[in-house]
Amino acid sequence: QTSLEVSGVSKIYPNGYEALADVSFNMQQGEFICIIGRSGAGKSTLLRCINGLHPVTRGSIRIQGTEITSLPDEEKLAIRRRIGFIFQEFNLVGRLSVMHNVLSGRLGYMNGFHSVIGYFSQEHRQKALECLGRVHMLHRATYRADNISGGEKQRVAIARALAQEPLLLLADEPVASLDPDLTWGIMEDLRSVAREEHVPTLVNIHDLETAKAFADRIIGIARGRILYDGPPSGLTTEL
Ligand code: ADP
Ligand code: ADP
């Protein structure tokens, strides 16, 4: 089953800059793809378009068959709640507990008013603990998010994304703010989540060696165009 279909997508920013030019690719269930390219190549723009954060100028983006570029805002929001997004800077709420951060994603939305006062159902707590366990962070559940290390924060962010029961995971430079020795652990967690939970995962990364070591498939972009799309082993050109 095709999880994501991007076809003929172009993005021209209001200032006239064309950040994506006729980008097309498909993703299958559980695929782990790294997007590589120099700074300014258009990697973030691509993720933001898929996330519905930026409107595309041309082209089509389908998530499990649903065309998202033309959806009314409310339905777009419903889809966006099922897209897990991992940020370079983690984006946790520092004064809240690790557990509360995980609960505050889609589960928080489903709890509505109750999550504002810190009440979560037993079922959702169970789900959050399960997700924390998945990334080996159960022992940090009660810590304040600003009292854990960078690598731990990124694991918690992965758990938060997983709690959304994502149709798709997007990670924008997830290891760029971490010490190099933490990179492998985080990449391994992302890849195992993709494979074992069958969540297609797109990771923006500027380090080619890391991408080659982990990706099932690499998409290389330069100046908004796809220059390579294939297995890591076939990548010989400099982008
Ligand atoms: P990458 O993630 O590969 O570093 P980006 O997608 O962030 O690349 O940016 C691609 C290009 O688009 C860059 O030249 C950047 O300056 C430009 N760009 C990004 N956002 C905007 C914007 N809001 N308006 C105009 N240009 C932008
Ligand atoms: P990053 O490289 O970490 O993705 P950027 O510095 O490219 O971040 O962009 C930071 C913010 O500024 C983003 O919201 C982006 O859309 C915007 N931006 C980037 N380049 C431009 C630009 N040339 N004109 C206007 N906005 C831009």
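As the structure lists them, so they are numbered: ligands from 1, and atoms in each ligand from 1.
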Q: When clusters are formed by joining ILVMFWY residues with side-chain heavy atoms under 4.5 Å apart, either directly or through shared neighbours, do L77 and L168 land in the same one?
A: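 Result: no, two separate clusters.
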Q: T45 to ligand 1: N or O pair under 3.5 Å?
A: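 By distance alone, the answer is yes.
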Q: Considering only heavy atoms, which of G40, A222, S44 lies nearest to atom 13 (C) of ligand 1?
A: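 When every heavy atom of G40, A222, S44 is considered, G40 comes closest to atom 13 (C) of ligand 1.
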Q: Which atoms of ligand 1 sit under 4.0 Å from any heavy atom of A19?
A: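 Those atoms are 12 (O).
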Q: Purely on distance, is any nitrogen or oxygen of P14 under 3.5 Å from one on ligand 1?
A: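 There is no such contact.
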Q: Measuring from atom OG of S24 to atom CZ of R225, what distance do you get when rounded to the nearest 0.5 angstrom?
A: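 So the gap between those two atoms works out to 11.5 Å.
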Q: Check ligand 1 against R38 and write out every atom of the ligand that is under 4.0 Å from a heavy-atom position of the residue.
A: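 Once the distances to R38 are compared, the set is 3 (O).
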Q: Please confirm whether G37 approaches ligand 1 to less than 4.0 Å, judged on its heavy atoms.
A: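 No, G37 has no heavy atoms under 4.0 Å from ligand 1.
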Q: In this structure, are over 12 heavy atoms from other groups packed under 6.0 Å from D73 atom CG?
A: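 It does not: D73 CG has 12 such atoms or fewer within range.
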Q: Might you confirm whether atom CZ of F87 has over 12 heavy atoms from other residues, nucleotides or ligands at distances under 6.0 Å?
A: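 More than 12 heavy atoms, drawn from other residues, nucleotides or ligands, come within 6.0 Å of this atom.
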Q: Under 4.0 Å from ligand 1, counting heavy atoms only, is it the side chain of N15, its backbone, both or neither?
A: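 For N15, only side-chain atoms sit under 4.0 Å from ligand 1.
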Q: Does any N or O in the side chain of K11 come within less than 3.5 Å of the main-chain N or O of P55, such that one atom is a donor and the other an acceptor?
A: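 Pair found, side chain donor or acceptor close to backbone of P55.
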Q: Yes or no on side chain to side chain contact (heavy atoms under 4.5 Å, CB included) for N51 and R80, after CA distance, side-chain angles and deciding distance?
A: CA-CA 6 Å; N51 193 31; R80 198 188 287 164; 3.3 Å; yes
Q: Check ligand 1 against K43 and write out every atom of the ligand that is under 4.0 Å from a heavy-atom position of the residue.
A: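 Close to K43: 1 (P), 2 (O), 3 (O), 4 (O), 6 (O), 8 (O).
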Q: Quick check against the 3.5 Å criterion: does Q164 have a side-chain atom that pairs as donor or acceptor with the backbone of R81?
A: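 Yes, the answer is positive, given that a donor and an acceptor are paired below the 3.5 Å cut-off.
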Q: Would A41 count as a polar contact of ligand 1, with the cut-off being nitrogen or oxygen pairs under 3.5 Å?
A: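 Right, the criterion is met.
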